[in-house]
Amino acid sequence: MSQDETTTTNFIHEIIDADLASGKRTEIVTRFPPEPNGYLHIGHAKAICLDFGTAEKYNGKCHLRFDDTNPEAEDEEYVQAIQEDIQWLGFDWGENLYWASAYFDTMYEYAVRLINKGKAYVCELTQEEFKDYRSIPTEPGKEPPGRDRPIEENLELFEKMKDGGFEDGACVLRAKIDMASPNLHLRDPALYRIKRATHHNTGDQWCIYPMYDFAHCIEDSIEGVTHSMCTLEFEVHRPLYDWILQTLDVFQPQQIEFSRLNLTYTVMSKRKLLELVNEKLVSGWDDPRMPTLCGMRRRGFTAAAIRKLCGIVGITKVESISEIELLESCVRDDLNETSPRAMAVIAPLKVIIDNYPDDLVETFDLPNHPKKEEMGTRTVPFSRELWIEETDYTDMPLNNKYKGFAPGREVRLRGAYLATCTGVEKDADGNVVSIACTYDPESKGGSAPDGRKVKGTIHWVSAAHAIDAEIRNYDRLFTAENPLANKDADFKTLINPDALTIGTAKLEPGLAQAKPGSRYQFERVGYFCADLDHTPETPIFNRTLTLRAPRK
RNA sequence: UGCCGAAUGGUGUAACGGUAGCACUAGUGACUCUGACUCACUUAGUCUAGGUUCGAAUCCUAGUUCGGCAACCA
């Protein structure tokens with residue numbers, strides 16, 4: 001993306017600078033390698049910005065590669081959604097779309113090569129049995145039986161695995177490394193397992209599938225990836241990544257780890273998000289409360305804001321939790337610049353302008369943006385009866401910051417007239433039913449010829465013209481800063497019951513024509529976007545965020 | 001208790017032996033036809049203890065704390 005967003009330097013770029021300077025690399029190739037087993041979330045956005053942003057910075061390439069080595073969890077649905085989300089974020093892989101599954105033949109050959117080098121063997125231990133052999137971190141493991149099987153026999157057995165001669169789980173192909181290694185991942189890790197599952201790409205062609213550790217480094221190597229960025233939990237896998245490629249004697253990319261993005265009041269694990277979807281605690285992956293890219297998109301967050309966040313949080317190896325306020329700030333910042341203004345009343349109170357003609361309807365052309373004339377104007381009708389916010393009337397102002405109506409008080413009806421409150425009607429319980437006022441016909445447009453100032457400007461909607469809309473108010477999904485902090489408690493009990501509240505609003509009529517997904521600032525209220533299900537007949541708006549600084 | 005990694009204001013991040021800066025948050029004020037935006041100001045930081053050096057967040061030593069790793073997941 002653009003320079004200001006993702007091209008701030010970081011420790012990885014320093015490594016790349018050094019590689020370029022030393023001549024170790026002459027061009028840069030990165031990759032974003034999602035497994036198509038779920039939807040992308042804002043944590044992935046950080047990786048995407050890094051992977052694609054780095055390629056852009058160095059005039060290199062970034063591959064989109066689906067790491068589809070485990071058919072059980074994977075699905076075409078996710079393949080489509082992932083591509084859509086990356087494009088929405090603003091990145092383009094161009095020609096460079098790859099599949100781990102397209103390398104299954106090569107991977108098989110490589111496995112055979114390892115066997116021929118005496119570096120891999122077929123192991124018939126069950127998972128449980130092998131656990132015992134591997135032992136625990138503080139104690140060396142012991143060598144499994146069959147570890148020193150002749151190469152010929154391993155070749156035969158492995159072929160038999162491939163040809164379906166074994167039941168699922170009967171055996172695995174293991175790397176022969178070091179059962180006493182202090183790094184557990186080097187204690188003869190599994191390379192291939194038998195799994196009769198239909199693959200979304202290769203169908204039933206294979207009944208053995210490579211494990212991540214074997215597959216990923218080979219994928220990177222085949223594609224000529226120079227710098228393979230991944231998150232911190234793979235740090236302990238790096239020696240294995242290097243071992244496989246060195247033993248195979250093939251092109252060796254450099255794996256570099258950085259810390260994931262964490263946000264307060266959010267969970268970022270795919271597994272946990274899936275739980276929320278499966279248990280119907282949210283409406284789906286694109287529920288606007290979700291930290292998924294499609295959820296945030298539906299909520300009204302912009303791609304630019306998410307990219308900006310990724311630039312700001314930076315790339316380090318420090319495990320950190322960023323405050324959600326930072327994301328919200330990025331979103332408001334972008335929305336303030338880009339979203340047209342409109343008037344909407346969420347808690348309506350009727351105002352009757354006593355001296356305004358009964359049958360008159362005026363229209364005002366109001367600017368779509370207070371500071372951007374190029375964004376044009378829209379036409380808003382005005383008549384004798386209006387809706388204003390009930391919070392914009394009080395019998396007795398509590399402090400001098402109060403902006404609304406009070407008996408005898410003059411305020412500006414935004415873009416229309418100055419009006420003075422002359423009376424209030426209450427029901428038997430003392431609740432305000434409506435208020436009365438008189439307007440100053442000389443103040444058309446909002447300023448009086450005598451130049452007098454008023455304390456406040458309030459928004460309004462003509463009662464005769466207002467359209468009713470459903471408003472979905474979204475808030476943080478969890479009530480705890482870190483919903484996973486207490487490992488004994490179920491994070492789902494910390495879901496914020498008010499993360500979605502449904503309300504209604506009176507909208508200026510033009511909003512009926514809003515395109516689904518289009519964003520607005522409802523002045524003095526917040527940022528909203530027309531929901532995917534919005535129609536002119538049944539208007540639905542999602543509250544993206546409130547305006548900053550709630551009233552006090 | 002094994003291996004790997006990380007420690008800078010409340011949060012995130014800069015500094016690459018030479019003035020600890022920026023952003024978010026919080027607070028105060030100014031401005032305002034949005035209690036928004038904008039602007040100004042304030043609070044607040046180098047994990048600890050030694051050492052090297054004219055000078056250390058940065059280099060060295062020893063600790064402390066936190067995180068990751070024992071799927072036929074990725």
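A, B, ... follow the sequence lines: proteins, then strands. Residue 1 opens every chain. Excluded from the calculations below are hydrogen atoms, water molecules and symmetry mates; all remaining heavy atoms, backbone and side chain alike, are included.
- By the side-chain hydrogen bond (donor to acceptor under 3.5 Å, both in side chains) test, A:E235 pairs with A:K317, sequence neighbours left out.
- At a threshold of 4.0 angstrom between heavy atoms, the contacts of A:L413 with the nucleic acid are absent.
- Here A:K176 pairs with A:D148 under the side-chain hydrogen bond (donor to acceptor under 3.5 Å, both in side chains) rule; sequence neighbours left out.
- Going from the P atom of B:A14 to that of B:C22 covers 15 Å, rounded to whole Å.
- Per the geometry, NE2 belonging to A:H459 stands 12 Å off C1' belonging to B:G35, to the nearest Å.
- Nucleotides B:U43 and B:G10 are separated by 11 Å at their C1' atoms, to the nearest Å.
- Sorted by residue number, the list of members of residues 254-264 of chain A with any non-hydrogen atom under 4.0 Å from RNA chain B is empty.
- Between B:A26 and B:A36, the two P atoms lie 12 Å apart (nearest whole Å).
- Taking 4.5 Å as the limit, every side-chain heavy atom of A:T338 sits out of range of all side-chain heavy atoms of A:R519.
- Nucleotide B:U11 holds its P atom 16 Å from the CZ atom of A:R476, rounded to whole Å.
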So if I define the base as every atom that isn't primed, P, OP1 or OP2, how would nucleotides 36-47 of chain B read as a B/S/- string at a heavy-atom cutoff under 4.0 Å? SB----------
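- At whole-Å resolution of the value, CD in A:E481 and C1' in B:U11 are 9 Å apart.
- A donor-acceptor contact under 3.5 angstrom links the side chains of A:T231 and A:E233, judged on distance only.
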Could you check A:Y520 against A:Y527 for side chain to side chain contact (heavy atoms under 4.5 Å, CB included), going step by step and ending with a plain yes or no? CA-CA 6 Å; A:Y520 296 87; A:Y527 295 101; over 6 Å; no
Could you provide the dot-bracket string of RNA chain B, using ( ) for intrastrand pairs, [ ] for crossing pairs and | for bases paired to another strand, with Watson-Crick or G-U pairs below 3.5 Å? .((((((..((((....[..)))).(((((.......)))))....(((((..]....))))))))))).....
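- Using the six-membered ring where Trp is involved, A:H185 and A:H237 have ring planes that are tilted, between 30° and 60° apart.
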Distance-only criterion, 3.5 Å: show the donor-acceptor pairs between side-chain atoms of residues 131-144 of chain A and protein atoms not counting sequence neighbours.
{"residue": "A:E143", "atom": "OE2", "partner": "A:R147", "partner atom": "NH1", "Å": "3.2"}

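- Taking the syn range as angles within 90° of 0, the glycosidic angle of B:A62 is outside it, so the base is anti.
- As a whole-Å value, the separation of A:E323 CD from B:U13 P is 12 Å.
- A:Q127 and A:E129 share no side-chain donor-acceptor pair at under 3.5 Å.
- For the side-chain hydrogen bond (donor to acceptor under 3.5 Å, both in side chains) test, residues two or more places apart in sequence or in another chain that qualify with A:T198 are A:D204.
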Under 3.5 Å, N/O pairs linking protein and nucleotides 4-8 of chain B:
none

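- Look at the P atom in both B:C16 and B:U58: the space between them is 13 Å, to the nearest Å.
- Nucleotides B:A56 and B:G18 are separated by 10 Å at their C1' atoms, to the nearest Å.
- Taking atom P in both B:G63 and B:U25, the straight-line distance is 42 Å, to the nearest Å.
- For the residue pair A:H459 / A:R524, a side-chain donor-acceptor distance below 3.5 Å is found, with atom types taken as modelled.
- No close placement of the A:Y209 and A:Y108 rings is indicated, their centers lying 6.0 Å or farther apart.
- For A:K195 and A:N70, the side-chain atoms include at least one donor-acceptor pair closer than 3.5 Å.
- Atom name P, nucleotides B:U19 and B:G55: the rounded distance is 15 Å, in whole Å.
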Could you give the side-chain donor-acceptor pairs of residues 159-171 of chain A under 3.5 Å, partners two or more places apart or in another chain?
{"residue": "A:D168", "atom": "OD1", "partner": "A:R196", "partner atom": "N", "Å": "3.3"}
{"residue": "A:D168", "atom": "OD1", "partner": "A:R196", "partner atom": "NH1", "Å": "2.7"}
{"residue": "A:D168", "atom": "OD2", "partner": "A:R196", "partner atom": "N", "Å": "2.9"}

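- Taking both residues in full, the closest heavy atoms of A:I218 and A:M107 are given as CG2-CG, 4.1 Å, listed atom of the first, atom of the second, then distance.
- Between the C1' atoms of B:A70 and B:U1, the separation comes to 15 Å (whole Å).
- In terms of position on RNA chain B, the residue among A:K487 and A:L327 whose nearest nucleotide sits closer to the 5' end is A:L327.
- Listed nucleotides B:G2, B:U25, B:G12 differ in distance to A:S322; the shortest reach to its side chain belongs to B:G12.
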I'd like a table of atom pairs between the protein and nucleotides 71-74 of chain B - only N or O on both sides, under 3.5 Å - with the distance next to each one.
{"residue": "B:A71", "atom": "OP2", "partner": "A:R134", "partner atom": "NH2", "Å": "3.3"}
{"residue": "B:C72", "atom": "N3", "partner": "A:G169", "partner atom": "O", "Å": "3.4"}
{"residue": "B:C72", "atom": "N4", "partner": "A:L125", "partner atom": "O", "Å": "3.2"}
{"residue": "B:C72", "atom": "N4", "partner": "A:Q127", "partner atom": "N", "Å": "3.4"}
{"residue": "B:C72", "atom": "N4", "partner": "A:G169", "partner atom": "O", "Å": "3.2"}
{"residue": "B:C73", "atom": "OP2", "partner": "A:R193", "partner atom": "NE", "Å": "2.8"}
{"residue": "B:C73", "atom": "OP2", "partner": "A:R193", "partner atom": "NH2", "Å": "2.8"}
{"residue": "B:C73", "atom": "OP2", "partner": "A:K195", "partner atom": "NZ", "Å": "2.9"}
{"residue": "B:C73", "atom": "O3'", "partner": "A:R193", "partner atom": "NH2", "Å": "3.1"}
{"residue": "B:C73", "atom": "O2'", "partner": "A:N70", "partner atom": "ND2", "Å": "3.0"}
{"residue": "B:A74", "atom": "OP1", "partner": "A:T69", "partner atom": "OG1", "Å": "2.8"}
{"residue": "B:A74", "atom": "OP1", "partner": "A:R193", "partner atom": "NH1", "Å": "3.3"}
{"residue": "B:A74", "atom": "OP1", "partner": "A:R193", "partner atom": "NH2", "Å": "2.9"}
{"residue": "B:A74", "atom": "OP2", "partner": "A:Y212", "partner atom": "N", "Å": "2.8"}
{"residue": "B:A74", "atom": "O3'", "partner": "A:D67", "partner atom": "OD2", "Å": "2.7"}
{"residue": "B:A74", "atom": "N6", "partner": "A:H237", "partner atom": "NE2", "Å": "3.3"}

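- Figure legend: cation-pi geometry between A:K444 and A:Y439 absent, as NZ or CZ is not positioned both under 6.0 Å from the six-membered ring centre and within 45° of its axis.
- For the residue pair A:N201 and A:S101, a side-chain donor N or O sits within less than 3.5 Å of a side-chain acceptor on the partner.
- Scanning for ring pair (Phe, Tyr, Trp, His ring centres under 6.0 Å) contacts around A:F214 gives A:Y192, with sequence neighbours left out.
- Residue pairs satisfying the side-chain hydrogen bond (donor to acceptor under 3.5 Å, both in side chains) criterion with at least one member in residues 262-274 of chain A, sequence neighbours excluded, are listed as follows: A:N37-A:K270.
- The interatomic distance linking A:L50 (CG) with B:U13 (P) rounds to 13 Å, in whole Å.
- Protein atom NZ of A:K455 is 10 Å distant from nucleotide atom P of B:C31, rounded to whole Å.
- Separating the CG atom of A:D178 from the P atom of B:A70 is a distance of 18 Å, rounded to the nearest angstrom.
- With rounding to whole Å, A:I312 atom CD1 is found 10 Å from B:U25 atom P.
- Among the protein residues, A:Y209 comes within range of no part of the nucleic acid, since none of its heavy atoms lies under 4.0 Å from any strand.
- In this model, the phosphate group of B:U34 is not approached by any side-chain N or O of A:T457 to a distance below 4.0 Å at OP1 or OP2.
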